[in-house]
Amino acid sequence: MSRTDRRSFLKTMAAAGLVSGVAFPAPGLARELNANSKLNLAHVGVAGMQGDFHRSSCAAENRVAICDVDENFLEKYGAEIPGAKRFVDFREMYDKMGDQIDAVVITTPDHTHAFAAVEAMKRGIAAYVEKPLAHDVYQIRQMRKIAREKNLATQMGTQIHALDNYRRVVEWVKSGVIGKIKRVDVWCGVVWGGKPRTNDAVDVPKGLHWDLWLGPAPVRPFQPCYLGGNWRSFWDFGNGGMGDMGCHFMDLVFWALDLQYPKTIVATGPEPADADYAPRDLHVEYEFAGVNGASDPLVVTWSDGAVRPESLKEYGLDKGNGILFIGEEGAIYSNYTERALLPVEKQKTFKEPEQSIPASIGHHNEWLKAVKTGDATTCNFEYSGRVAETILLGPIAYRCGKKLEYDAEKVAATNCPEAAKYLKQDVREGWEV
């Protein structure tokens, strides 16, 4: 029975009540996969994050294809996966091997995340995509829509979600140890914007397919400053420091407080040296309505670069990054691996709440298992899409230069029509999602 025929058969049986608990998370079900089976896996973007740990985290699977716009990376990293076919264009990879691929890990620059993921999901391929999921809000909404329609197992690459520390902090917040939450301050010292463009004519490095690297972005001459992660400094490719690290830190806030979407967003930062350039220091304030049982709006802030929230002084914190939940009866500080109840006097009588969130089997393993068995993922596109959308609204407010009143249902800033061009950005013909 073909993959399509078998999936249709199982769905019909489930609708008739003859099959229970069928989630149809991935096309691999057609190959009678279970938790011990090996997926046919592809990697899109094989350097950077993939080179650090994504490939090793998926090494137990059957890697059938790798794709990168730089042939040098394909040669370097392809040597460790000799059985994988090599491609420079993911569209060609999907066209030639789409019926053989069960799942794909995507770690390209942000501006091509959505396109690589949507082309896969339309073919029934489950997707793991690095943060911040996509380059604009419209793309995120499209990714969520297609994932729902195809019943696919998805995961955004917020790996810290799988660590025990975040789990304990969520339990602390939900236990009410600091009462109703009044405010959350989030900060990170990340800085992008250190390598501006020049007017020098520079040859494209041998092996790099520059037009494919640009993908949906406007055509422009090659410059070395666009590579090595510094693409995050440019609006056509990234969203500055907030786009880089915001999802990792704000994930904890969304998880602990069950946040949906902000009602207002205001952002401040220095005037950039170039209109196409993200600011080095950004401060964003969000208001969320009706959170944690409070009638007043919850304020959540983000600060990056050299900016730090004033609350750090009040609680005697000198940390390069972190999350501070401020409640009516104290505060909770956390970063990736640390947590503390504040003021310190509260720690003397604090009784740790019973653990209710089980340990993770691993961020990648959770997704890989879901593709095979239909289990849930904690950072699926429905949940992580809200986090990523909120993150992208910060730079949009900065670019608009005013406080935005956001209608999440309409995906519109109701008081700022000019925000529409940032919520859904123009792309080159042939790169629509």
Side-chain angles (χ1 to χ4, degrees), residues 43-57 66-80 86-90 105-116 128-135 156-159 188-249 272-282 304-306 320-321 391-392 395:
H43 293 277
V44 176
V46 295
M49 291 291 290
Q50 291 270 25
D52 289 340
F53 61 89
H54 284 307
R55 291 194 320 281
S56 60
S57 296
I66 59 173
C67 179
D68 199 286
V69 296
D70 192 326
E71 294 180 37
N72 299 292
F73 290 142
L74 282 178
E75 181 177 354
K76 177 180 178 180
Y77 296 109
E80 69 185 51
R86 303 177 189 182
F87 298 87
V88 296
D89 189 334
F90 58 76
V105 178
I106 297 167
T107 60
T108 60
D110 295 356
H111 68 295
T112 48
H113 279 183
F115 306 90
Y128 179 112
V129 182
E130 259 302 328
K131 46 72 187 172
L133 207 57
H135 192 224
M156 182 172 74
T158 42
Q159 298 81 17
C188 177
V190 63
V191 173
W192 288 106
K195 298 178 182 178
R197 288 180 305 211
T198 69
N199 293 320
D200 300 332
V202 182
D203 290 336
V204 177
K206 185 178 180 180
L208 174 63
H209 294 252
W210 178 239
D211 190 69
L212 286 176
W213 191 97
L214 287 172
V219 175
R220 65 175 71 194
F222 170 78
Q223 288 261 298
C225 63
Y226 299 137
L227 303 183
N230 195 55
W231 50 262
R232 295 182 176 90
S233 301
F234 299 90
W235 294 126
D236 280 348
F237 313 128
N239 278 281
M242 191 171 194
D244 181 20
M245 296 301 293
C247 288
H248 282 310
F249 288 92
D274 187 313
D276 294 334
Y277 220 45
R280 291 173 59 88
D281 307 295
L282 186 67
D304 64 33
N321 52 64
I391 294 302
L392 297 188

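No donor-acceptor distance shorter than 3.5 angstrom exists from the side chain of D304 to the backbone of V190, with no hydrogens or angles considered. The backbone N or O of A217 sits nowhere less than 3.5 Å from a side-chain atom of D236 that would complete a donor-acceptor pair. At distances below 3.5 Å, not a single donor-acceptor pair connects side-chain atoms of D200 with backbone N or O atoms of V202. The backbone N or O of L214 sits less than 3.5 Å from a side-chain atom of H111, completing a donor-acceptor pair. No donor-acceptor pair closer than 3.5 Å links the side chain of D244 to the backbone N or O of S233.
Residues that satisfy the side-chain contact (heavy atoms from CB on, under 4.5 Å) test with V204, not counting sequence neighbours, are L208, W210, F222. Contacts of T158 classified as side-chain hydrogen bond (donor to acceptor under 3.5 Å, both in side chains), with partners at least two apart in sequence or in another chain: none. When the ring pair (Phe, Tyr, Trp, His ring centres under 6.0 Å) test is applied to W235, no partner is found at least two apart in sequence or on another chain.
In this structure, CG in D110 is found 7.0 Å from CG in N239, a value given to the nearest 0.5 Å. The CZ atom of F237 sits 4.0 Å away from the CZ atom of R220 when rounded to the nearest 0.5 Å. Taking CG of D70 as the start and NZ of K76 as the end, the distance is 10.5 Å to the nearest 0.5 Å. The distance from atom NE2 of H113 to atom NZ of K131, rounded to the nearest 0.5 Å, is 8.0 Å.
Annotation: side chain of E71 is in contact with side chain of H209 (closest heavy-atom distance under 4.5 Å). Contact of the W213 side chain with the L227 side chain is registered, since non-hydrogen atoms from C-beta on lie closer than 4.5 Å.
Screening I106, T107, V105 for a side chain to side chain contact (heavy atoms under 4.5 Å, CB included) with E130, the sole residue that qualifies is T107.
Considering every non-hydrogen atom in both R280 and W192, the closest pair reads CG-O, 3.5 Å. V44 approaches A116 most closely through the heavy-atom pair CG1-CB, 4.3 Å.
Ring centers of H54 and Y128: under 6.0 Å apart, within the cut-off.
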